[in-house]
There are 2 protein chains.
Amino acid sequence: MPAHSAALPTKERILGAAEELFARHGFEGASLRQLTAAAGVNLAAVNYHFGSKDRLIEEVFRRRLDQLNGRRMAALQRVAGQPETSVEDVLAAFIGPALELSHDGSGSLFMRVLARAFAEHDDTLRKFLSDNYGHVMRQFTAEFARLLPHLSKEELYWRVDLVTGALTHAMSGFGMIQRKSDVPEERHREETAAHLIRFAASGLKSP
Amino acid sequence: MPAHSAALPTKERILGAAEELFARHGFEGASLRQLTAAAGVNLAAVNYHFGSKDRLIEEVFRRRLDQLNGRRMAALQRVAGQPETSVEDVLAAFIGPALELSHDGSGSLFMRVLARAFAEHDDTLRKFLSDNYGHVMRQFTAEFARLLPHLSKEELYWRVDLVTGALTHAMSGFGMIQRKSDVPEERHREETAAHLIRFAASGLKSP
DNA sequence: CGAAGAATCAAACGATCGTTTGAGCATACG
DNA sequence: CGTATGCTCAAACGATCGTTTGATTCTTCG
């Protein structure tokens with residue numbers, strides 16, 4: 001059993017520093033020496049607690065995606081199959097949890113890590129993400145298919161993919177997603193969600 | 001003066017191999033040793049011809065972006081300011097040249113390199129891209145502003161940014177952009193452009 | 001031809017990478 | 001108390017990184 005450390009357990013400190021440095025410098029660009037120095041732990045701690053750098057990368061994803069996709073699925077279940085559900089409702093179920101994470105202090109960098117994962121065409125990482133979280137995208141796509149029955153399968157896949165790209169890009173912090181200092185946090189989140197949902201719904205429902 | 005080599009000049013061979021390996025493994029992930037081996041040139045050739053790895057990265061961008069943005073600007077000039085110009089026309093001027101490049105044998109990997117550049121928050125690279133090619137995005141945004149006068153500045157920036165994200169994502173090869181073997185190249189390009197333009201125009205014109 | 005310059009080459013530079021080792025410290029349990 | 005067990009630590013492992021050097025080859029031109 002681990003002794004209760006001063007501030008945070010070593011594993012959590014490593015995961016936090018890894019998230020920040022992976023977002024800033026990429027998976028190959030961030031070294032374990034920078035990482036462990038930032039976390040204030042010994043260099044060997046990574047291999048002791050995680051086995052390897054690759055396994056650490058997977059854990060960085062697992063920690064956030066388990067929560068993020070759990071909330072997405074829960075939100076989807078609340079509207080899926082209902083007769084009065086709109087495209088906007090489904091988009092809100094997809095976007096809302098991501099925005100909560102994105103504006104949640106320690107998790108705000110994870111969206112940038114996720115954007116990097118999309119840019120990586122590394123097969124191992126992509127297979128890990130597809131195996132563990134592919135079912136979420138499939139469920140959302142199925143619900144969109146129900147709400148947009150006039151779209152061919154190919155047309156639907158196209159549009160869902162374009163929506164994914166737009167949201168990933170926006171939420172990884174390139175856009176104007178930064179909150180102005182005179183706007184309250186929660187209100188800014190709602191306005192951001194409204195922007196994203198309006199744009200994506202328009203694209204999805206395009207004739 | 002360079003002697004005329006067997007196939008391609010050394011500089012071009014390096015640029016070609018760099019584009020492929022940067023797309024596949026990232027800027028830090030691709031080493032000069034892999035790169036020069038793939039190009040069939042000596043390791044020292046990179047520093048001899050380009051000065052450093054960072055300067056090589058810049059040249060990889062310059063070679064493609066000069067052509068890409070030149071064509072974009074030329075296409076934009078043909079429709080900008082005209083009274084009968086539509087949002088779709090401007091989008092076509094932006095997307096068409098990128099699709100030509102994306103489907104042009106040796107240039108097909110460059111869009112993936114560009115997607116990586118977006119994921120990199122490296123200040124040096126971003127400043128280079130902004131300084132050299134920022135005026136292109138500004139010109140297109142100005143034309144969108146003319147065609148969508150009811151949008152606030154903030155709203156317009158939001159939507160242009162979302163369009164950029166969607167297109168970068170799609171053209172870097174995550175979507176279904178791959179051509180089926182029974183569809184002719186040019187027809188597939190037109191259909192792809194039609195998909196992208198319809199989606200983006202819908203998002204931009206959203207009420 | 002012969003000198004000059006451009007280009008290529010093998011080899012090495014110091015720095016840094018991910019990973020491993022083995023000793024040392026702390027806590028837990030008989 | 002003594003001895004496992006979980007954890008941390010400094011140090012080192014071999015490999016690989018970007019870059020530099022100095023000699024060698026090739027090309028051009030007086």
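Chain identifiers are assigned alphabetically (A, B, ...) following the order of the sequence lines, protein sequences preceding nucleic acid strands; residue numbering begins at 1 within each chain.
- Every ring-ring contact (aromatic ring centres under 6.0 Å, His included) that B/Phe140 has, sequence neighbours left out, goes to B/Phe94.
- B/Thr141 places a side-chain N or O within 3.5 Å of a backbone atom of B/Met137 that can act as its donor or acceptor partner.
- Listed by residue number, there are no residues of residues 16-32 of chain B with a heavy-atom contact under 4.0 Å to DNA chain C.
- A salt bridge (charged side-chain N to carboxylate O under 4.0 Å, His left out) check over residues 21-44 of chain A, counting only residues at least two apart or in different chains, returns the pairs A/Glu20-A/Arg24.
- A close approach under 4.0 Å does not occur between any side-chain nitrogen or oxygen of B/Thr10 and OP1 or OP2 of C/dA7.
- Atoms CZ (A/Arg33) and P (D/dC13) sit 13 Å apart, rounded to a whole Å.
- A search for side chain to side chain contact (heavy atoms under 4.5 Å, CB included) contacts involving A/Glu88 returns A/Ser86, A/Ile197, A/Ala201, A/Lys205, not counting sequence neighbours.
- Contacts of B/Glu190 classified as salt bridge (Lys or Arg N to Asp or Glu O under 4.0 Å), with partners at least two apart in sequence or in another chain: none.
- If you measure from atom NZ of A/Lys53 to atom C1' of D/dT16, you get 13 Å, rounded to the nearest angstrom.
- Legend: residues meeting ring-ring contact (aromatic ring centres under 6.0 Å, His included) with A/Phe128, ordered by chain and number and at least two apart, are absent.
- Atom CD1 of B/Ile14 and atom P of C/dA7 are 11 Å apart (whole Å).
- At whole-Å resolution of the value, NZ in A/Lys11 and P in D/dG6 are 13 Å apart.
- We find that CG of A/Leu56 is positioned 15 Å from P of C/dC17, with the value rounded to whole Å.
- The side chain of A/Ser52 contributes no N or O atom lying less than 4.0 Å from OP1 or OP2 of C/dG18.
- Near DNA chain C, defined here as any heavy-atom distance below 4.0 Å, the residues from residues 42-51 of chain A are A/Leu43, A/Ala44, A/Asn47, listed numerically.
- The side-chain hydrogen bond (donor to acceptor under 3.5 Å, both in side chains) contacts involving residues 47-60 of chain B comprise B/Glu59-B/Arg62, where partners must be two or more places apart or lie in separate chains.
- Residues satisfying the side chain to side chain contact (heavy atoms under 4.5 Å, CB included) test with A/Ala74, not counting sequence neighbours, are A/Arg78.
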